[in-house]
Each structure stands twice: as structure tokens, then as C-alpha cells.
Amino acid sequence: MNAPCLNLVVLRVADIDRSAAFYRLLGFEFLKHAHGSGPEHYASDSNGFVFELYPSTPEQPVSSSTRIGFAVTNVDDAAIKLGAVAGAKIVTPPKDSEWGRRAVVADPDGHRIELIAAISSKT
């Protein structure tokens with residue numbers, strides 16, 4: 001049996017416009033829409049992976065304990081941009097690890113976002 005492939009992540013956020021602006025700095029392109037009578041939200045679809053930002057409600061509060069990771073081209077540049085432009089908290093500054101160059105930032109709602117880029121091998 002093949003392992004499942006992640007195709008959807010939904011974050012509940014306090015302000016969907018603020019969060020969309022934050023994630024756009026990583027390169028996400030969002031469309032704002034609603035399904036039927038559901039709430040307006042942002043969705044980004046890239047190669048079959050859907051990333052959505054929904055407004056929090058009393059019944060479904062901000063999902064701040066969620067931790068997600070994104071592969072980026074340049075971890076240092078992404079962390080600097082998110083910190084300087086979006087005010088992200090740098091939880092773990094960029095550094096090399098066994099998995100590649102890595103940093104962890106917190107988005108406006110406190111979600112921990114791991115940024116990683118493979119270390120290029122020199123042969």
C-alpha cells in the first residue's frame with residue numbers, strides 16, 4: 001500500500017487578509033472565495049496541494065498549535081523577508097541541519113512555520 005500524500009492544509013486565523021499577505025511573501029497565490037453558504041476564505045492550489053486560510057470562529061478558534069513546513073529556495077532570505085516585512089517572530093534562526101538549511105518562524109497567529117532548503121553538495 002502506498003503512503004498517503006498530503007493534499008490539503010487549512011489554518012484557522014484571526015484575520016485572513018493579514019495572513020494571506022504573510023504567506024504571499026513565501027510565494028503563495030491566493031484566490032478568495034466561499035463554498036456554498038460557507039465563509040469567505042483564501043485558497044492556494046499548487047500542483048494538487050491546497051493551502052487554505054479560514055477565519056476563526058468561537059466554534060473553530062485559531063489553530064495556533066499547528067506546525068507546518070515549506071521548502072523554499074533560500075531560507076535566509078525568506079526568514080529575513082518574513083521578519084522585516086510581516087513582523088514574523090524568528091523562533092529558530094537560519095542554520096544548517098541534517099535536513100538542510102532550516103529556520104522556524106511564527107506567523108501572525110502563532111503558527112510555527114518551518115522553512116527548509118536542501119544544502120547543495122559540492123562535488
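For the numbers below, each heavy atom of this structure counts, side chains included, while hydrogens, waters and symmetry mates do not.
Under the rule for a ring-ring contact (aromatic ring centres under 6.0 Å, His included), F49 has no partner lying at least two apart in sequence or in another chain. Residues satisfying the ring-ring contact (aromatic ring centres under 6.0 Å, His included) criterion with Y23, sequence neighbours excluded, are F51. When the side-chain hydrogen bond (donor to acceptor under 3.5 Å, both in side chains) test is applied to S63, the partners found at least two apart in sequence or on another chain are H111. Partners of R102 under the salt bridge (charged side-chain N to carboxylate O under 4.0 Å, His left out) rule, at least two apart in sequence or in another chain, are E114. Under the ring-ring contact (aromatic ring centres under 6.0 Å, His included) criterion, Y54 pairs with H41, sequence neighbours left out.
Listed by first and then second residue, the salt bridge (Lys or Arg N to Asp or Glu O under 4.0 Å) pairs that reach into residues 35-61 are K32-E40, sequence neighbours excluded. Pairs passing the salt bridge (Lys or Arg N to Asp or Glu O under 4.0 Å) check and including a residue from residues 20-29, sequence neighbours excluded, do not occur. Annotation: salt bridge (Lys or Arg N to Asp or Glu O under 4.0 Å) contacts involving residues 84-94, sequence neighbours excluded, are absent. Residue pairs meeting the salt bridge (Lys or Arg N to Asp or Glu O under 4.0 Å) criterion with at least one partner in residues 69-85, sequence neighbours excluded, are D76-R101.
The shortest distance between side-chain heavy atoms of L82 and L115 falls below 4.5 Å.
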Atom pairs and distances, side-chain donor-acceptor, residues 7-17, under 3.5 Å, sequence neighbours left out:
unit_1: R12; atom_1: NH1; unit_2: P55; atom_2: O; d: 3.0
unit_1: R12; atom_1: NH1; unit_2: Q60; atom_2: OE1; d: 3.4
unit_1: R12; atom_1: NH2; unit_2: Q60; atom_2: OE1; d: 2.5
unit_1: D15; atom_1: OD1; unit_2: D17; atom_2: N; d: 3.0
unit_1: D15; atom_1: OD1; unit_2: R18; atom_2: N; d: 3.0
unit_1: D17; atom_1: OD1; unit_2: Y42; atom_2: OH; d: 2.6

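Heavy atoms only, all atoms of each residue included: V75 and A117 are closest at CG2-N, 3.4 Å. Listed here is the closest heavy atom pair of I90 and A79: CD1-O, 3.7 Å. Smallest separation of non-hydrogen atoms from S19 and D109: OG-OD2, 3.2 Å.
Taking a 4.5 Å side-chain heavy-atom cut-off between Ile, Leu, Val, Met, Phe, Trp and Tyr, the cluster of V104 extends to V91.
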